[in-house]
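A short worksheet on the structure shown next.
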2 protein chains.
Amino acid sequence: MVCRTADRADSTTGAGPSVENAALEHRCSLSSLLRSFAGEAAAAAVLEDRYFPVRPVPGGAALVHEEGTFRHLFFVQSGTFKFARCDEEGYEQVLGFAVRGDMIGMDGIANGRYTTSVIALEDSRAAVVAFSELRGLEADVPAMQGFLHRCASREVRRGLDALQLVCAVGADVRLARFLLQMSERNALIGHSGRRFVLRMSRRDIASYLGLAHETVSRAFTALAQGGYLTVSQRAIEIVDIEGLQSFQRLTRRTAELDAPRPLPGMATDAADFASPSALGDCAVA
Amino acid sequence: MVCRTADRADSTTGAGPSVENAALEHRCSLSSLLRSFAGEAAAAAVLEDRYFPVRPVPGGAALVHEEGTFRHLFFVQSGTFKFARCDEEGYEQVLGFAVRGDMIGMDGIANGRYTTSVIALEDSRAAVVAFSELRGLEADVPAMQGFLHRCASREVRRGLDALQLVCAVGADVRLARFLLQMSERNALIGHSGRRFVLRMSRRDIASYLGLAHETVSRAFTALAQGGYLTVSQRAIEIVDIEGLQSFQRLTRRTAELDAPRPLPGMATDAADFASPSALGDCAVA
DNA sequence: CGCAGCCTTGACCGTTTTCAATGAGGGTGG
DNA sequence: CCACCCTCATTGAAAACGGTCAAGGCTGCG
């Protein structure tokens with residue numbers, strides 16, 4: 001499964017403290033965790049540091065199994081994971097991807113079982129934190145206040161973004177949105193937003209976008225011919241990011257924008273708006 | 001449309017003000033909140049009860065605006081809401097629905113702004129709780145321990161379910177999945193899972209499923225002709241729920257089921273299933 | 001009663017899926 | 001070291017599916 005990824009090295013050492021010896025390879029401090037997941041300020045506010053084990057996951061192996069008992073949350077340190085569910089026929093539906101800075105396992109809290117498998121796409125590492133311990137930490141460490149809530153909120157938002165990505169448009173627009181999203185996430189963790197290597201197969205992308213993998217392939221060549229990007233296997237370079245962004249806005253169903261509902265009740269709430277101007281009228285035409 | 005409702009605005013400010021006379025219509029106790037959202041046990045454990053304002057939202061009006069400042073979480077008491085985003089062309093993408101027992105607003109915690117509009121599909125009511133107050137409650141009231149985490153987890157899971165629903169299949173299978181999901185949620189809140197009335201228009205369903213509304217209409221008649229259900233406008237009766245469930249499993253791409261990956265790293269996670277030691281073995285081969 | 005949305009149905013056309021064939025890259029074992 | 005196998009990616013061609021356009025029925029409301 002390929003680790004010809006020279007570029008991975010730096011990302012590994014990225015946030016951590018001194019990764020000098022083997023011992024630290026497999027541990028991760030609370031402060032470095034907070035640095036990645038809650039910002040520098042929170043990390044600096046940690047007085048008494050603590051350490052968590054880090055689990056290395058070889059490419060293709062599972063970090064979490066669908067239906068597995070929930071006990072831990074995971075924080076991606078390096079590498080890439082995919083979330084997936086299998087229906088009983090064995091068809092695998094990819095539901096998302098996680099890179100450094102993403103939390104894994106939230107979905108398990110409610111019912112005590114994870115609801116998706118989480119599989120490494122390359123050799124990866126994730127800090128392992130028992131949920132119970134994390135809750136104790138939230139109570140004890142001021143800098144941790146609301147940590148889980150913010151992580152959870154991010155997850156929810158990411159889910160909504162993913163939904164919006166998948167819905168409502170043609171194949172190449174979907175792919176454009178996907179690539180822009182990957183670009184953005186790459187940039188967020190300090191990599192290039194213009195040049196990057198996709199760590200997932202075409203088939204994974206296709207599953208995620210709800211398309212046939214051949215269609216994804218064709219969409220790639222279409223975007224390349226459109227001059228938006230160059231593709232060489234999984235290596236992507238976005239050469240016209242603005243063009244791609246405006247292309248991505250294209251929605252097929254432009255006809256429906258009229259839906260001029262006169263709105264029966266009116267009582268929306270000014271209060272939710274900070275500023276008076278507000279884009280308020282969006283929802284309710 | 002706009003808010004000629006300047007007067008109503010105060011209801012947003014939450015906790016405090018004039019909830020005096022209309023009284024119980026517009027208030028909701030902490031214990032009843034917990035009953036719906038965390039179970040009877042939690043509700044019974046409340047010693048000192050408290051009350052939250054309940055906001056009535058007429059059908060078609062917005063409870064929350066995309067981009068609105070995050071201050072409150074909402075707990076649906078009655079009625080139905082849809083989550084939606086508008087792209088700049090004005091096309092409305094529906095991202096989900098909420099009924100009694102669902103929480104609204106989680107997505108706002110991370111960045112201080114809501115990321116979707118939330119619009120009532122019929123006359124509805126939602127309890128309004130300031131986030132800050134809720135956090136205080138979690139600290140003070142034992143029965144509230146972990147309340148937000150569980151709610152958040154449910155949201156995450158719901159998002160994943162929605163994603164899975166939308167992806168990867170033909171139109172009528174999507175509709176079948178949607179209806180089964182609605183059925184299940186209806187049953188969860190004590191209504192019939194066999195007969196129910198959809199509160200959203202075909203267009204909303206279509207947007208949610210990423211289809212044209214005509215296609216949704218055709219899918220309804222297809223399922224009806226298949227003998228799975230009867231449809232009269234928005235009233236649904238599922239007559240063959242097992243049949244519908246097995247139909248829903250049909251994935252187009254059945255060819256891919258072969259993908260018999262022997263899963264290279266297998267070491268996966270005995271840890272996740274296994275006992276307490278769990279984290280010890282992070283050094284999975 | 002008549003208007004306005006909503007839902008349904010039909011026909012046509014474009015996109016995507018499916019089936020099939022080919023080539024590139026990597027790993028394994030002779 | 002090379003042949004072989006396997007997976008991944010790409011491309012072509014035919015067929016199916018869903019989208020778009022258009023028309024008509026249904027329901028609720030003024």
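Chain letters run A, B, ... following the sequence lines, proteins first, then strands; residues in each count from 1. Computed from a predicted structure; not experimentally measured.
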Of all the heavy-atom pairs spanning [X] and [Y], show the shortest one and how long it is.
{"X": "A:Pro58", "Y": "A:Pro56", "answer": "CD-O, 3.9 Å"}
{"X": "A:Met103", "Y": "A:Glu155", "answer": "O-OE2, 3.7 Å"}
{"X": "A:Ile205", "Y": "A:Met200", "answer": "CG1-CG, 3.5 Å"}

Expressed in angstrom and rounded to an integer, what is the separation of [X] atom [atom1] from [N] atom [atom2]?
{"X": "A:His213", "N": "C:dT17", "atom1": "NE2", "atom2": "C1'", "value": "11 Å"}
{"X": "B:Arg203", "N": "C:dT8", "atom1": "CZ", "atom2": "P", "value": "13 Å"}
{"X": "B:Tyr91", "N": "D:dG19", "atom1": "OH", "atom2": "P", "value": "10 Å"}
{"X": "A:Glu92", "N": "D:dT7", "atom1": "CD", "atom2": "C1'", "value": "15 Å"}
{"X": "A:Leu175", "N": "D:dA9", "atom1": "CG", "atom2": "P", "value": "13 Å"}
{"X": "A:Asp172", "N": "C:dT16", "atom1": "CG", "atom2": "P", "value": "6 Å"}
{"X": "A:Gln233", "N": "C:dG25", "atom1": "CD", "atom2": "P", "value": "7 Å"}
{"X": "A:Leu211", "N": "C:dT17", "atom1": "CG", "atom2": "C1'", "value": "10 Å"}

* To do: Kindly assign one of parallel, tilted or perpendicular to the pair B:Tyr208 and B:Phe97, based on the angle between their ring planes and the thresholds 30° and 60°.
  =>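 Rings of B:Tyr208 and B:Phe97: perpendicular, as their planes differ by over 60°.
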* Does the side chain of A:Thr215 get closer than 4.0 angstrom to OP1 or OP2 of C:dT17 through an N or O atom? ->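 Answer is yes, contact under 4.0 Å.
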* Using a cut-off of strictly less than 4.0 Å, decide whether B:Arg174 has a side-chain nitrogen or oxygen near OP1 or OP2 of D:dG18. =>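 B:Arg174 to D:dG18 OP1/OP2: no side-chain N or O under 4.0 Å.
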* Electrostatic pair A:Arg194-A:Asp240, nearest N-O below 4.0 angstrom -> no
* Give, ordered by number, those residues of residues 216-226 of chain B having at least one heavy-atom distance below 4.0 Å to an atom of DNA chain C; if nothing qualifies, reply none. => B:Ser217, B:Arg218, B:Thr221
* Asked: Is there a donor and acceptor pair, one atom on the side chain of B:Glu214 and one on the base of D:dC21, closer than 3.5 Å?
  ->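 Indeed, a donor on one side and an acceptor on the other fall under 3.5 Å apart.
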* Should the pair B:Arg199 and B:Phe81 be classed as cation-pi, given the thresholds of under 6.0 Å to the six-membered ring centre and 45° from the axis? -> no
* To do: Taking the six-membered ring of B:Phe196 (Phe, Tyr or Trp), confirm whether the NZ or CZ of B:Arg185 is under 6.0 Å from its centre and within 45° of its axis.
  =>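 Geometry flag: not set, cation outside 6.0 Å or 45°.
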